Amino acid sequence: MFGCTTKKEKKFTEEEINIIPKPVFTELHKGSFSFNGNTKLVASTKNEQKLLASFSQKFKQVSGVKLAVVASAPSSNFLQFKIVDSLPYEGYNLVINSNHITVSAKTYSGFVYGLETIKQLLPASIESASFVQKEWVVPAIEIKDNPRFKWRGLMLDVSRHFFEVDYIKKTLDRMAMLKMNTFHWHLVDDQGWRIEIKKYPKLTSVGGYRVNQEDKGWNARPNAPLGTKATYGGFYTQEQIKEVVAYAKERGITVVPEIEMPAHVSSAIAAYPEFSCLGEQIMVPSGGVWPITDIYCAGKEETFTFLEDVLTEVMELFPSKYIHIGGDEATKTNWKTCTHCTSRLQTEDLANVDELQSYFIKRIERFISSKNRVLIGWDEILEGGLAPGATVMSWRGVKGGLEASAEGHNVVMTPGTHCYFDHYQGNQDQEPLAFGGYTPLSKVYEFNPVVDKMTPEQEKHVLGGQANLWAEYIPTEQQSEYMIFPRLAAMSEVLWTPTTHKNWANFSGRVKELFKRYDVMGVNYAKSAYQVTTDTKVDIEKGELSILLKNEFPDSDIRYSVDGSLLSQSSSQYQNPIQLNKTATLKAAMFKNNKQVGPTLTKEFNYHNAVGKYVVYNTKYHKNYQGEQQLGLVNVLRGSKNFHDGQWQGWLGNNMDVVIDFDVETAFSAVTVGTLENQSSGIYFPLKIEVFTSEHRKKFTKVAEVTRPFKVSNASELKDFKINFKPTKARYIKVVVTNLKSPPNGGGAWLFVDEIIVE
């Protein structure tokens, strides 16, 4: 396999160059370079030699041959790092010919990225963990490349669910592969304090653990009584933190710690209640907290002493220029009545608690600045006035970034619409439970950190953007991978590649090749982009449905059936909207080379007796969830687990009471009510369903009912409740659905219904 060869030189085509993120400039030449047992790796500095040694070790793992790292280049057959000060800060130039490979860069990061590009030019097998019989050949090519933005980040929340160091390292490896350079580590939140602070050991011994209620929905977990044994959690020792920081640095990645304040700190208050306004002992919450009132007291001097002590230890561990302090979602109820806070308002001549929050942030900013660091926080730090040296991370849309950049502050754009990876990325009925929202791969690719409304001067203040994976609904490392990949590939191209080079059709082809690498690497990436989705229009007058099929990839080969039969290469190929006017079971999936590559979509369309009939609403549905209004319960179309899909009618705190008019006396023997439960979102299955009939709508007779007890559930679930009864003739049917009156966490309960099926 190695050594001299007389084999014909491999020829490459443009279609085989599938680098993500897409480089600024590529030019493919004739010829190729083959790695073999005599290939030398050349670098002049220790750090660069260490980087090449890591590549050599990886190469030996898959090829069985170790490539020697040397200080000077031989006459041929080598890969060389060359320092060129005139290149952009993180940029690199890559020249490959049949004789040698040269990676030129100004900085260490440039060499990291050049090497990652070489790996993407090699066969996907280079990512294998074991020996592979392969020719290790790369095309003769010239690449000139540098990033569009200096901040290309991923935020990982380890407070809501704790992940071990090994997983953090794997994530850093995969970030480096995509030339991401900022790992935002969300180490502190209400549900867990994850970083060892030696001066305050209870932050981890108490704040690092919560009562295990993982069997319940995130927002359906009651407050545990004081003294209950806390068993779920964990934290990183300072030695582990140093290990991760060093590991990231070797991959060109800066680790930015987030130490939340003044809110999202219940874990700290549980450990040291004296730093809150009330000073009362609390437990670390096991699940969702809203409103967040257990926050640091802004009036006590001891609070700032504590925070400065904590930040001092943090800054000793993290050499990052930026220190993230959160600053979001603080409910200041206790500040309004706290004697310490009201005294602070007077002594500092502050008008209200918003200005008190500004005082808090500005004071912390002065301390961080005194250590030659830069404070960064979520866009709420703008409230009451922004600290002079602060940088803003804009998450509530782009407004915060627009405002801060207009005032001359640097910003990192990370709006929830495009950058929150805890949102669903495919059909909720086929996806694991997520926070909500819908951010598919293509939507991430649409993201642009520079907003149209920005002036050229404001654009200069845009450092870049990042993806955020909040972990309320991410209990395992496998699920974390699923939510990050492949969406991080789209984010990497958004933040690296010039907008003129971006093209969804081109990217979607390259990302399919990336999937092959992920397969070799064992990454549990989502295949949601392959999912087929429907867009259905109803013509009640004709009694006909028009069903459009699509997925995220352009020109997909979609096969389908409408008789419920299994899909195969002989199934109908979708070309035009499908017309249906009778009960059918639709199945559809994406195919490639006559093989199914995506999951099967299955949808039932039931033309039951009540379709298109007039519905009288004795209790009106909620204005926020109207479905298809008058026809919403009798239009054949069913809702999904995405309760924002426009098919659900909702009742908040009320029962559903409707009457269906069949115009003439009709025989029926069963009624089915389609419902949804998602207790984390306050949506509950009904407690009882009653069916009544009437000849003249004056007096109704109950013909059947079904009851079910309330059960705590952690799932999002669709369920049809079917009620069979003795065959009955009538013109009117009344259906009464009893809603839950007292949800476990208080407030009103939602009842969601998508269809009443009458047979």
Side-chain angles (χ1 to χ4, degrees), residues 536 538-545 547 562 564 580-586 602-621 625-640 646-651 654-677 685-708 718-739 751-759:
T536 306
V538 184
D539 188 329
I540 289 294
E541 298 282 329
K542 294 182 179 179
E544 190 171 82
L545 302 178
I547 306 168
V562 293
L580 284 181
N581 58 10
K582 60 182 180 180
T583 295
T585 299
L586 170 70
T602 302
K603 272 190 171 292
E604 304 282 348
F605 298 96
N606 187 347
Y607 273 77
H608 54 90
N609 289 340
V611 171
K613 301 302 181 184
Y614 185 75
V615 180
V616 177
Y617 288 86
N618 294 327
T619 55
K620 192 78 170 179
Y621 42 77
Y625 296 97
Q626 303 186 52
E628 293 293 329
Q629 299 181 349
Q630 186 63 43
L631 291 168
L633 298 178
V634 290
N635 67 349
V636 182
L637 301 186
R638 305 303 304 273
S640 68
Q647 297 303 325
W648 293 100
Q649 292 187 337
W651 285 261
N654 297 323
N655 297 337
M656 186 195 83
D657 185 340
V658 300
V659 175
I660 303 173
D661 183 354
F662 288 82
D663 297 322
V664 297
E665 187 177 72
T666 305
F668 18 70
S669 59
V671 169
T672 301
V673 178
T675 65
L676 166 69
E677 182 166 77
F685 282 147
L687 296 178
K688 182 166 67 172
I689 299 174
E690 300 167 278
V691 178
F692 305 80
T693 62
S694 175
E695 289 296 322
H696 306 290
R697 204 182 149 195
K698 292 181 180 178
K699 182 180 179 181
F700 283 89
T701 302
K702 184 187 289 190
V703 295
E705 73 172 50
V706 62
T707 61
R708 61 171 295 279
L718 300 167
K719 188 174 180 65
D720 284 347
F721 290 93
K722 187 172 184 178
I723 309 171
N724 294 300
F725 47 87
K726 183 179 178 181
T728 304
K729 288 185 177 182
R731 174 176 171 176
Y732 300 96
I733 278 187
K734 180 163 78 165
V735 181
V736 178
V737 182
T738 303
N739 194 4
L751 169 69
F752 273 44
V753 179
D754 66 342
E755 189 85 355
I756 297 177
I757 300 168
V758 181
E759 298 168 296

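Not measured: the values here are computed from a predicted model. Side chains included, hydrogens not; waters and symmetry mates left out as well; all remaining heavy atoms used.
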Does a side-chain heavy-atom distance below 4.5 Å link T701 with F692?
-> no

Within a strict 4.5 Å, meaning less than it, do heavy atoms of the W651 and V753 side chains meet?
-> yes

Please tell me if the side chains of N606 and V636 come closer than 4.5 Å, counting only heavy atoms from C-beta onward.
-> no

Any chance you could lay out the side-chain hydrogen bond (donor to acceptor under 3.5 Å, both in side chains) test for Q649 and Y617, step after step, and finish with the verdict?
-> CA-CA 11 Å; Q649 292 187 337; Y617 288 86; 2.9 Å; yes

Kindly write out the residues that satisfy side chain to side chain donor-acceptor pair (under 3.5 Å) with S640, not counting sequence neighbours, or none if the list is empty.
-> D645

To the nearest 0.5 Å, how far apart are CD in E665 and OG1 in T693?
-> 10.0 Å

Look up atom CG in N618 and atom CG in N654, then write down how far apart they are to the nearest 0.5 Å.
-> 12.5 Å

Given L751 and V737, is the side-chain contact (heavy atoms from CB on, under 4.5 Å) satisfied, shown in steps?
-> CA-CA 9 Å; L751 169 69; V737 182; 3.7 Å; yes

Which atom names give the shortest non-hydrogen contact between I723 and A704, and what distance separates them?
-> CG2-CB, 3.3 Å

I689 side chain reached by V735 side chain, heavy atoms, under 4.5 Å = yes

Name all residues meeting the salt bridge (charged side-chain N to carboxylate O under 4.0 Å, His left out) criterion together with E759; count only those two or more places apart in sequence or in a different chain, and write none if there are none.
-> K722

Aromatic ring centroids of F725 and F668 under 6.0 Å?
-> no

Do any N or O atoms from the side chain of R638 and from the backbone of F605 form a donor-acceptor pair under 3.5 angstrom?
-> no

Taking every heavy atom of E755 against every heavy atom of L637, the minimum-distance pair comes out as OE1-O, 3.6 Å

Run the side-chain contact (heavy atoms from CB on, under 4.5 Å) check on L633 and V658 step by step: do they pass?
-> CA-CA 10 Å; L633 298 178; V658 300; 4.2 Å; yes

Which atom of N739 lies closest to which atom of N655, heavy atoms considered = N-OD1, 2.8 Å

Over all atoms of both residues, closest heavy-atom pair of V758 and A610 | CG2-CB, 3.8 Å

Between M656 and I756, is any pair of side-chain heavy atoms under 4.5 Å apart?
-> yes

Taking all non-hydrogen atoms of both residues, which atom of Q630 and which atom of Y614 are closest, and how far apart?
-> NE2-CE1, 3.6 Å

Aromatic rings W648 and F752: how do their planes relate, parallel, tilted or perpendicular, breaks at 30° and 60°?
-> tilted

Return yes if some donor-acceptor pair links the side-chain N/O of T675 with the main-chain N/O of V673 below 3.5 Å, else return no.
-> no

Which heavy atom of Y607 sits nearest a heavy atom of T583, and at what distance?
-> N-OG1, 2.9 Å

Would a 4.5 Å heavy-atom cut-off, applied to side chains only, mark V611 and V634 as touching?
-> no

Side chain to side chain, E677 and K719, heavy atoms closer than 4.5 Å = no

Output for pair (E604 CD, I757 CD1), nearest 0.5 Å, gives 9.5 Å

Approximate separation, where rounding is to 0.5 Å, of R697 CZ and I733 CD1 = 14.0 Å

Does anything in residues 724-736 pair up under side chain to side chain donor-acceptor pair (under 3.5 Å), and if so which pairs, sequence neighbours excluded?
-> D661-R731

Test item: T672 and F721 side chains (from C-beta on) under 4.5 Å apart, heavy atoms | no

How long is the span from the CG atom in L687 to the OG1 atom in T738, to the nearest 0.5 Å?
-> 7.0 Å

Applying side-chain contact (heavy atoms from CB on, under 4.5 Å), run through K582 and V562 and close with a yes or a no.
-> CA-CA 10 Å; K582 60 182 180 180; V562 293; over 6 Å; no

Go through L545 and N581 one step at a time and tell me if the side-chain contact (heavy atoms from CB on, under 4.5 Å) criterion holds.
-> CA-CA 6 Å; L545 302 178; N581 58 10; over 6 Å; no

